[in-house]
Undergrad: 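This is the structure I want to talk about, given as structure tokens.
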Amino acid sequence: MLELRSVDAGYGSFQALFDVNLDVKAGEAVGVIGPNGAGKTTLMRVISGLIRPSRGSIRMEGVDVVATPAHRIVSLGIAHVPENRRLFPQLSVDDNLKMGAFMKEARGTYAKRLDFVFELFPRLKERRHQMAGTMSGGEQQMCAIGRALMSNPKLLLLDEPSAGLAPVVVQQVFELVKRIRASGLTVLIVEQNVQQVLHVVDRAYLIEAGTIRSSGTAAEMLASDTVKEAYLGV
Amino acid sequence: MTGQGRLAAWAVGLAALVALPFVYRDPYHLHILVLILIWSFAYTSWSMMGRFGLVSLGHGGFMGIGAYVTALLWNHLGLSPWIGIPVSMVAAGALALVVGYPCFRFRITGHYFVLVTLALSGIVLQVITATRDYTGGSLGYTPNRATTNKLLALQFDDKTTWYLIALAVWLAGIVVWHLIDRSMSRYALEAISEDEDAAAAAGVDVTAEKLKITLISALMTALAGAIYCQYQMFITPDTVSGIAVSLQMVFAAIVGGLFVSLGPTVGAIITILLAETLRIGFGTKAVGWDNLVYGVLLVLFIIFLPKGILGSVLDRLKSQRKVSRTHEQEAVKIAR
């Protein structure tokens with residue numbers, strides 16, 4: 001579904017990604033793990049077009065993502081849940097969700113998508129008129145994911161969904177990810193919480209200093225010595 | 001208020017406004033009303049951007065272009081304002097795009113955007129002053145009196161005609177405000193003002209949305225300048241352009257209320273009545289006092305009434321209605 005080939009990307013003269021190759025097949029959940037500053041968020045931003053690669057190609061179902069303007073990438077079926085949620089804090093939950101269906105293609109199915117999101121996250125329905133910024137961290141994460149789901153995506157990019165949340169809420173967020181998978185979506189998830197994420201995804205990539213160091217199935221990664229030593233602390 | 005009730009209220013209010021000059025003919029008061037309507041339109045134009053966090057201090061520039069281009073084309077080329085006004089609007093729109101595009105493309109936001117637009121105001125003022133051979137410089141400029149066809153020259157002697165023109169233009173401004181308020185652009189711009197990245201990730205073309213609202217706002221402001229020029233038949237760089245005029249727009253829109261359609265109109269009523277009262281009450285002893293009062297009021301408003309007078313009043317009414325409604329609901333429950 002999504003394929004990255006020898007992608008370089010960065011900010012100004014600073015290069016954050018080096019020769020990244022990555023594949024996500026339809027129906028899969030894929031994790032990207034690695035330490036702070038490894039380039040995980042940059043990887044997400046380059047896929048959703050918020051920054052552009054300096055080299056390499058990105059294709060979504062065969063369509064060249066690099067040649068698509070950023071605001072059109074959503075219509076390719078890629079929805080990005082940015083790091084730290086990035087809700088519109090002064091807007092109501094309803095309006096935040098409405099923004100998720102901003103693309104012309106999504107406006108027609110707005111009511112249907114809203115039902116779907118409310119079914120997935122009943123809590124959001126209770127809070128629909130509340131200002132998004134006043135909700136708890138976990139609820140805000142639901143709202144951010146809900147907003148992304150409003151565009152009827154095929155691929156959901158989740159950037160550190162557990163960041164800044166209490167441990168018990170982190171559990172809940174990973175439960176959410178499982179439910180989203182069960183609804184048939186393809187998920188690419190970036191996480192520092194390696195232990196947790198490897199229990200949710202099928203495959204994972206380990207990224208360090210902007211380069212893919214290793215990849216494999218979740219079980220392989222859990223068993224791998226490098227991952228164990230560096231990230232699982234065992 | 002229900003949709004129909006609101007529409008009826010607007011219709012009654014408008015009918016009263018249209019009928020007013022035929023019933024009440026005091027020329028001084030009509031003059032003040034025309035000024036209020038023209039400036040209300042200018043402030044409404046500014047608030048189109050201002051309400052989405054796009055604080056521009058460059059609107060004095062757009063207004064100056066509207067006024068001067070129209071007058072210059074008439075005096076030097078004999079071009080009727082009916083053509084001159086659209087030309088001046090296009091000129092202001094083009095300038096808005098030239099300044100806006102790089103700002104939005106390269107994410108010049110917040111204070112930096114304010115500074116860029118501040119420079120724009122200053123530049124337009126300087127250009128008008130410096131080209132004094134054509135524009136009369138700081139002494140001001142008067143469109144030539146039409147001798148034959150007054151309609152072609154858009155010059156009218158009676159206040160009633162001007163009142164109706166100003167009323168129509170003001171109403172058009174309010175209509176545009178509401179059209180935008182109901183469009184998806186409003187959601188896009190609110191989202192952009194909160195978080196540009198998140199808006200872009202939701203599929204908003206950030207640069208295009210900002211350019212669109214800037215263009216609309218600049219076109220309207222230029223029209224306000226041109227109408228002001230045609231009405232007053234005398235313009236100076238300081239009354240239609242420059243930083244002072246830009247600040248006046250910011251002040252009035254904030255005092256009246258940025259987030260409601262009639263807010264800038266309320267702001268215009270207050271500022272113009274204040275200036276007139278000071279002028280009549282204190283005469284030449286109080287030159288510049290209105291600016292002092294503006295400054296103090298602006299500080300007070302930003303601290304205590306950030307939604308402006310009309311915005312705060314409407315908020316209070318709304319919350320009262322909500323309270324009374326919950327009381328009713330409770331009463332119903334108890335009755336059951």
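To find a chain, count down the sequence lines: A is the first, B the second, and so on, and within it residues start at 1.
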Undergrad: Based on non-hydrogen pairs under 4.5 Å, which of R147(A), Q90(A), M150(A), H80(A) is most in contact with chain B?
TA: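 Among R147(A), Q90(A), M150(A), H80(A), the one with the most close pairs to chain B is Q90(A).
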Undergrad: Would you mind checking which part of E196(B) comes under 4.5 Å of any heavy atom in chain A, side chain (CB onward), backbone (N, CA, C, O), both or neither?
TA: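 For E196(B), no heavy atom lies under 4.5 Å from chain A.
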Undergrad: Report which part of L50(A) has an atom under 4.5 Å of a heavy atom belonging to chain B: side chain, backbone, both, or neither.
TA: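 The side chain, not the backbone.
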Undergrad: Would you say the side chain of F104(B) lies within less than 4.5 Å of the side chain of V206(B), judging by non-hydrogen atoms?
TA: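 Not in contact.
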Undergrad: Does any heavy atom of chain A fall under 4.5 Å from the side chain of A208(B), the backbone, both, or neither of them?
TA: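 For A208(B), there is no contact with chain A at all, as no heavy atom is under 4.5 Å.
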Undergrad: Does any heavy atom of chain B fall under 4.5 Å from the side chain of R45(A), the backbone, both, or neither of them?
TA: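 Contact with chain B involves the side chain of R45(A) alone.
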Undergrad: Consider side chain to side chain contact (heavy atoms under 4.5 Å, CB included). Of I309(B), L300(B), L310(B), L305(B), which one does V255(B) pass it with?
TA: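 Among I309(B), L300(B), L310(B), L305(B), the one meeting side chain to side chain contact (heavy atoms under 4.5 Å, CB included) with V255(B) is I309(B).
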Undergrad: Would you verify whether the NZ or CZ of R51(B) falls within 45 degrees of the ring axis of W46(B) while also being under 6.0 Å from that six-membered ring's centre?
TA: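 R51(B) over W46(B) ring: no.
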Undergrad: With side-chain hydrogen bond (donor to acceptor under 3.5 Å, both in side chains) as the criterion, how do S162(A) and E191(A) come out once you've worked through the C-alpha distance, each side chain's angles and the decisive distance to 0.1 Å?
TA: CA-CA 8 Å; S162(A) 75; E191(A) 256 303 333; 2.9 Å; yes
Undergrad: Which answer fits P69(A), side chain, backbone, both or neither, if we ask what part of it has an atom under 4.5 Å from a heavy atom of chain B?
TA: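 It is neither, since no heavy atom gets under 4.5 Å.
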Undergrad: Which atoms form the tightest heavy-atom contact between R52(A) and I73(A), and what is the distance?
TA: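 For R52(A) and I73(A), the tightest heavy-atom pair comes out as NH1-CD1, 4.0 Å.
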